> 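Below you will find the structure I want to go over with you.
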Amino acid sequence: MAGPVIHTYRAAEAGLWVNSYLVEGESGVVVVDTSLLVSDIAALRARLRALKKPLLAVLVTHAHPDHFNGVLGLVQDKEVPVYAAASVGRVIEEIAAAKREQWSPTYGPEWPAETYYPNSLLADGAQVRLGELTFTVRELGPAESHADSYFLLAADGRPPVAFTGDLAFHGTHPYTADGHSARWLAMLDVLAGELAGVSTLYPGHGDPAGPGVLADQRRYLLYYRELVRRLSSGEPPLPEAAKAELDAAMRAFLPGAPLTWMIGLGADAVAGELAAAAAAAGS
């Protein structure tokens, strides 16, 4: 093997098209992020088995269930390290039960009955060596989720690549309902510098891309926030007519992109965020 091979398992539409990456090295496989639903988790496990190499570790980029729900299905009774930035691990423990209570009525038995929490928490900048693969974590705090990070992969002198989770969606509408859009925008500015020399970013949703995907995400968020600001008139939540106008505008901004239901999902959270910021500025 000339170097690591990165395989992608992309969940079905019900599972939010989320990407899981299987990084195949000489001695085994490292999985970066896992699927949301039981059926996709089973398919991801089958994809892992087909590589006929041991699972060396699971890495979790951030605290959303479509990225951590499948960990238990992969590790099961194996002694496998599950790595995450310390803040990511803490938030997963805080939210997993509430997310199950919220979404199990919608997904039924497709929602996993248990959560396996990261068992190896990492400080910002920590490195993990797994065979010939070296992963470095960058802990970012709240951005798209309540706790985000990315992992850089270096192997055998090759240029590094980055697994960026949901810091930039590529060709899909993003999730904004955690209400950190201002912090997310600021973080995208930081990442534009940090990742400028990284040739390939592997996002949580959409195809691999160059660093320009960060600027695309920034433009989307700026437009979304400005529309929400105008449509809410500083008074969240948005009326249904305003949400319909927001939906139409964002569909036109990113035509043909999937996950359109996320447009309205985050509207009230972002409106509340903007109202709070305006109130703080005026106090």
Side-chain angles (χ1 to χ4, degrees), residues 11 13-19 33 35-37 60-69 87-88 90-92 94-107 111 115 140-149 164-188 203-206 217-232 234-251 253-254 257-278:
E13 182 176 8
L16 311 183
W17 307 116
V18 66
N19 295 324
D33 287 338
S35 290
L36 179 72
L37 302 179
V60 181
T61 61
H62 67 286
H64 277 157
D66 52 329
H67 297 260
F68 67 74
N69 263 9
S87 58
V88 173
R90 287 195 298 269
V91 172
I92 290 173
E94 291 168 2
I95 70 169
K99 291 291 186 183
R100 181 174 294 108
E101 182 177 355
Q102 177 185 6
W103 291 108
S104 287
T106 299
Y107 288 103
W111 194 274
T115 301
L140 302 173
E144 188 263 352
S145 75
H146 296 316
D148 288 272
S149 72
T164 51
D166 286 358
L167 291 164
F169 288 63
H170 186 203
T172 76
H173 293 280
Y175 179 86
T176 56
D178 279 353
H180 303 296
S181 63
R183 172 67 187 252
W184 190 358
L185 280 168
M187 195 56 60
L188 286 167
H205 304 264
Q217 184 64 78
R218 188 176 188 277
R219 283 190 290 272
Y220 184 104
L221 290 175
L222 286 171
Y223 186 52
Y224 186 92
R225 280 166 53 91
E226 183 54 37
L227 285 172
V228 170
R229 188 193 316 274
R230 177 174 63 81
L231 291 168
S232 68
E235 296 291 336
L238 269 70
E240 289 306 310
K243 287 183 179 177
E245 186 175 343
L246 174 68
D247 183 85
M250 295 314 301
R251 285 173 185 255
F253 182 83
L254 203 62
L259 303 182
T260 53
W261 60 273
M262 288 195 181
I263 298 170
L265 184 69
D268 290 343
V270 173
E273 181 189 359
L274 292 168

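Please read these numbers as outputs of a predicted model, since none were measured by experiment. Note that these values count all heavy atoms, side chains included, but never hydrogens, waters or copies made by symmetry.
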> Taking D148 for the side chain and A143 for the main chain, is one N or O donor matched with an acceptor at less than 3.5 Å?
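Yes, because the side chain of D148 sits within donor-acceptor range (under 3.5 Å) of the backbone of A143.
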
> Nearest 0.5 Å, what's the CD-OH distance between Q217 and Y224?
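Going from CD on Q217 over to OH on Y224, the span is 11.5 Å.
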
> I need the H67 NE2 to N69 CG distance, nearest 0.5 Å.
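Those atoms lie 10.5 Å apart.
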
> With heavy-atom distances below 4.5 Å as the criterion, would you say the side chains of Y220 and M250 are in contact?
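Yes, side chains in contact.
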
> Quick one: CG on L238 to CG on L231, what's the gap to the nearest 0.5 Å?
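One finds 6.0 Å between CG of L238 and CG of L231.
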
> If only atom types and distance count, is the side chain of S149 paired as donor or acceptor with the main-chain N or O of T61 below 3.5 Å?
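Looks like yes, one N/O pair under 3.5 Å.
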
> So V88 and F68, do their side chains get closer than 4.5 Å, heavy atoms only?
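A side-chain contact is absent here, since even the closest heavy-atom pair is not under 4.5 Å.
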
> With sequence neighbours left out, which residue pairs that include part of residues 176-186 fulfil the salt bridge (charged side-chain N to carboxylate O under 4.0 Å, His left out) condition?
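Listed once each, the pairs would be none.
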
> Taking the side chain as everything from C-beta on, heavy atoms only, tell me whether D33 gets closer than 4.5 Å to N19.
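In short, these two side chains do not touch, never coming nearer than 4.5 Å.
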
> Hey, is the main chain of T176 close enough, under 3.5 Å, to the side chain of E144 for a donor-acceptor pair?
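No, the answer is negative, given that no donor and acceptor are paired below the 3.5 Å cut-off.
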
> For A14 versus Y107, what's the shortest heavy-atom pair and its separation?
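Heavy-atom minimum between the residues: O-OH, 3.6 Å.
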
> Do you know the tightest heavy-atom contact between L16 and W261?
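Scanning both residues completely, I find the closest heavy atoms to be CD2-CZ2, 3.3 Å.
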
> Which atom names give the shortest non-hydrogen contact between A267 and V228, and what distance separates them?
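Smallest heavy-atom distance, with atoms named: O-CG1, 3.9 Å.
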
> Contact between R218 and L221 at the side-chain level, heavy atoms closer than 4.5 Å - yes or no?
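No, every pair of side-chain atoms sits at 4.5 Å or beyond.
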
> Between atom CZ of F169 and atom CE of M262, what is the distance when rounded to the nearest 0.5 Å?
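Between atom CZ of F169 and atom CE of M262 there are 5.5 Å.
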
> Given 3.5 Å as the limit, does a donor-acceptor pair link the side chain of S145 with the main chain of A147, or not?
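Confirmed, S145 side chain pairs with A147 backbone.
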
> Got a donor-acceptor contact below 3.5 angstrom from the W17 side chain to the A11 backbone?
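The answer is no, because no donor-acceptor pair under 3.5 Å joins these two groups.
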
> Might you work through the side-chain contact (heavy atoms from CB on, under 4.5 Å) test for V18 and D166, ending with a clear yes or no?
CA-CA 10 Å; V18 66; D166 286 358; 5.7 Å; no

> Kindly write out the residues that satisfy ring-ring contact (aromatic ring centres under 6.0 Å, His included) with H146, not counting sequence neighbours, or none if the list is empty.
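Result, ring-ring contact (aromatic ring centres under 6.0 Å, His included) vs H146: H180.
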
> For the atom pair CG (D66) and CH2 (W103), what is the distance rounded to the nearest 0.5 Å?
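CH2 of W103 is found 11.0 Å from CG of D66.
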
> Please state whether the rings of H62 and H64 are parallel, tilted or perpendicular, taking 30° and 60° as the class boundaries.
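Taking H64 first and then H62, their aromatic rings stand perpendicular (interplane angle over 60°).
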
> Indicate yes or no: does D247 engage R251 in a salt bridge with an N to O separation below 4.0 Å.
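Between R251 and D247 there is a salt bridge, with a charged N closer than 4.0 Å to a carboxylate O.
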
> Run Y175 and H205 through side-chain hydrogen bond (donor to acceptor under 3.5 Å, both in side chains) and show every step you take.
CA-CA 11 Å; Y175 179 86; H205 304 264; over 6 Å; no

> Say you draw a straight line from NZ of K243 to OG of S232; how long is it, rounded to the nearest 0.5 Å?
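It comes to 11.5 Å.
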
> If you take all heavy atoms of A177 and L265, which pair is closest and at what distance?
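The answer is CB-O, 3.9 Å.
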
> Taking all atoms of both residues into account, what is the closest heavy-atom pair of A96 and T115, and its distance?
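Looking at all heavy atoms of both residues, the closest pair is CB-OG1, 3.7 Å.
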
> Grab the two heavy atoms, one from K99 and one from W111, that are nearest each other, plus how far apart they are.
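Answer, listing the atom of K99 first, then W111: O-CZ2, 3.9 Å.
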
